[in-house]
Amino acid sequence: MTTITRSLKSVKALNEAGLIDAPASDRLTPVGERYAVAITPDIAALIQHENGDGPITRQFVPDLAELTITNTEREDPIGDEAHSPVPGIVHRYPDRVLLKAVHICPVYCRFCFRREMVGPDGNGTLNREELDTAIAYIRDNPTIWEVILTGGDPLVLSPRRLSEIMLALKVIDHVKIVRFHTRVPVVEPQRIDDALVDALKASGKTTYVALHANHADELTPQARAACNRLVDAGIVMISQTVLLKGINDDASILADLMRAFVETRIKPYYLHHPDLAPGTSHFRLSIEEGQKIVAQLRGNISGLCQPTYILDIPGGYGKAPVGESVIRQTGDGCYSVSDFTGKSHKYPPA
Ligand SMILES: *Cc1c(COP(=O)(O)O)cnc(C)c1O
Ligand code: SF4
């Protein structure tokens, strides 16, 4: 197998690199015209290894099903627009804001919830003036305790650009936490070098990195080493995973992933129910199916490995935990609570 050394950024490039054949390339061209495509060399190597189909292939290689839009899907599935006071800022909760400095990613996930906003033709990266306005918004709102850099993928920015943003946050006393949401440690691990780590920490604030990964196969030795460099530098890592049909909708696959996170010193944080992004119905399962899978994790694997199952309520109403409730009132001031094997117990005991 030939080693792919450059990012593949079109259906044609995927064909030329041998990841899809010529008929597939013809079929998928309209998908590539509709939604951004990018696959890094590290991810291409995993796809080559899967040889046609598998959990990594399905996440990144376009599929004809993306052209099917169902009537519940929407361009802005989680309602970012409803809470954007200035370009690049989403302020939905009182104590934290999203800062979307960049709209490009090193890879484009086929199920992306922001697929109408990210990509080379997306809303573009904030220019200097817009970035100044966004920082001023944070400075002028003392309830903002945490700034969450997302996008796009903020770790595609150069260390110099990232440091500039971090130094601007450094002087805002009420900001105590800076969090980055990224896929870079997995999809482009060599990017996590000393210069980038220093840039991430340049705010002097407590720094979190939330790693987006959906299958244990993504946590290659190189990816784990990249995460080690972050954690060794004093950055706290948490995970986010999207529950995806045909990729990780199985308790043992999720258990392997959550254990791989914990082994890498990444605390499992959120397991997202897939959002109603256009052309993603082939990835979606029902909430009930999701609840069943999540319930199988409880008790069977370490408490360290338990993510919270989350639904982002369409329209901009925020996130809600949607795991099955294990406790109910029985009317006599008592409760019935079920253990991890499904057996019910009275609380307090009679
Ligand atoms: C998801 C999200 C956050 C972060 O939520 P946490 O529950 O703190 O992880 C913040 N703001 C917006 C607009 C979000 O969509
Ligand atoms: S990395 Fe995140 S923002 Fe970028 S395409 Fe994937 S899901 Fe979307």
Side-chain angles (χ1 to χ4, degrees), residues 7 9 35-40 43 56 58-62 66 76-85 88-123 125 138 141 143-156 176-188 191 208-214 218 236 238-244 247 267-275 277-280 283 307-322:
S7 282
K9 296 192 173 166
Y35 300 109
V37 174
I39 293 178
T40 56
I43 293 295
I56 313 299
R58 287 181 193 178
Q59 287 186 64
F60 300 107
V61 173
E66 292 174 51
D76 180 14
I78 69 168
D80 280 349
E81 287 302 321
H83 297 279
S84 184
I89 294 277
V90 183
H91 196 179
R92 173 190 288 147
Y93 301 112
D95 77 335
R96 56 210 190 276
V97 291
L98 304 185
L99 173 55
K100 300 195 280 184
V102 55
H103 292 81
I104 54 173
C105 299
V107 287
Y108 291 105
C109 314
R110 307 323 302 165
F111 48 86
C112 175
F113 65 127
R114 293 207 177 101
R115 61 191 330 210
E116 298 287 352
M117 299 163 219
V118 299
D121 307 325
N123 297 355
T125 299
I138 296 167
N141 282 273
T143 62
I144 299 172
W145 172 82
E146 179 183 18
V147 175
I148 302 167
L149 281 96
T150 176
D153 195 316
L155 270 57
V156 303
K176 305 294 187 195
I177 309 290
V178 177
R179 188 199 319 177
F180 298 87
H181 279 250
T182 183
R183 248 182 179 302
V184 166
V186 158
V187 304
E188 218 178 338
R191 212 179 158 80
Y208 278 70
V209 166
L211 174 69
H212 173 187
N214 303 316
E218 290 167 62
V236 185
I238 58 176
S239 73
Q240 76 179 118
T241 295
V242 187
L243 184 57
L244 295 162
I247 291 172
K267 174 68 188 88
Y269 181 53
Y270 281 168
L271 176 67
H272 293 276
H273 190 74
D275 292 311
T280 62
F283 289 118
T308 304
Y309 182 32
I310 290 285
L311 177 70
D312 219 308
I313 306 169
Y317 299 101
K319 296 179 178 67
V322 292

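Counting starts at 1 for both ligands and their atoms, in listed order.
- For K100, no heavy-atom contact with ligand 1 is shorter than 4.0 Å.
- The backbone N or O of Y269 lies less than 3.5 Å from a partner atom in the side chain of S239, making a donor-acceptor pair.
- Near K319, meaning under 4.0 Å from one of its heavy atoms, ligand 1 places the atoms 1 (C), 2 (C), 3 (C), 4 (C), 5 (O), 14 (C), 15 (O).
- A donor-acceptor pair under 3.5 Å is formed between the side chain of R114 and the backbone N or O of G151.
- A salt bridge does not link D153 with R191: every distance from a Lys NZ or Arg NE/NH1/NH2 to an Asp or Glu carboxylate oxygen is 4.0 Å or more.
- Closest to atom 12 (C) of ligand 1 by heavy atom, among T150, L98, V147, is L98.
- Using a 4.0 Å cut-off between heavy atoms, E146 makes no contact with ligand 1 at all.
- Residue contacts with ligand 2: R114 is excluded, as none of its non-hydrogen atoms falls under 4.0 Å.
- Residue contacts with ligand 1: R179 is placed with a nitrogen or oxygen under 3.5 Å of a nitrogen or oxygen of the ligand (distance criterion only).
- Among the atoms of C105, an N, O or S atom falls under 2.8 Å of atom 4 (Fe) of ligand 2.
- Every atom of ligand 1 is numbered from 1 in the order shown, and the set under 4.0 Å from a heavy atom of Y270 is 6 (P), 7 (O), 9 (O).
- Considering backbone and side-chain atoms together, D80 places no N or O closer than 3.5 Å to any N or O of ligand 1.
- In this structure, the protein non-hydrogen atom closest to atom 2 (Fe) of ligand 2 is H212 ND1, 4.1 Å.
- Side-chain atoms of T40 never come within 3.5 Å of backbone atoms of P106 as a donor-acceptor pair (strictly under, hydrogens ignored).
- Contact annotation: for R96 versus ligand 1, heavy atoms closer than 4.0 Å belong to the side chain alone.
- Contact atoms of ligand 1 toward Y269: 6 (P), 7 (O), 8 (O), 9 (O) (distance under 4.0 Å to a heavy atom of the residue).
- For atom 8 (Fe) of ligand 2, the nearest non-hydrogen atom of the protein is C112 SG, 2.3 Å.
- Using modelled atom types, one side-chain atom of H91 and one backbone atom of Y93 make a donor-acceptor pair closer than 3.5 Å.
- Each of the following atoms of ligand 1 lies closer than 4.0 Å to a heavy atom of V90: 13 (C).
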Going through the distances and angles, do E188 and R183 end up as a side-chain contact (heavy atoms from CB on, under 4.5 Å)? CA-CA 8 Å; E188 218 178 338; R183 248 182 179 302; over 6 Å; no
V107 and Q59: side-chain contact (heavy atoms from CB on, under 4.5 Å), yes or no, with the steps? CA-CA 10 Å; V107 287; Q59 287 186 64; over 6 Å; no
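- For OH of Y208, the number of neighbouring non-hydrogen atoms (other residues, nucleotides, ligands) closer than 6.0 Å is 12 at most.
- Within a 6.0 Å radius of NZ in K9, no more than 12 heavy atoms belonging to other residues, nucleotides or ligands are found.
- Atoms CZ and CG, from R92 and D80 in turn, are 6.0 Å apart once rounded to the nearest 0.5 Å.
- Distances below 4.0 Å separate heavy atoms of R92 from the following atoms of ligand 1: 12 (C), 13 (C), 14 (C), 15 (O).
- Listed by number with element, the atoms of ligand 2 under 4.0 Å from a non-hydrogen atom of R183 are 1 (S).
- Close approach of ligand 2 to Y108 (heavy-atom distance below 4.0 Å) involves ligand atoms 5 (S).
- In this structure, atom 5 (S) of ligand 2 lies nearest to the protein heavy atom C109 N, 3.4 Å.
- Here the side chain of D76 pairs a donor or acceptor atom with the backbone of E81 at under 3.5 angstrom.
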Under the side-chain contact (heavy atoms from CB on, under 4.5 Å) criterion, do S84 and K100 qualify, and how do the steps go? CA-CA 11 Å; S84 184; K100 300 195 280 184; over 6 Å; no
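- Of the options D312, T308, I148, the smallest heavy-atom separation from atom 4 (C) of ligand 1 is shown by I148.
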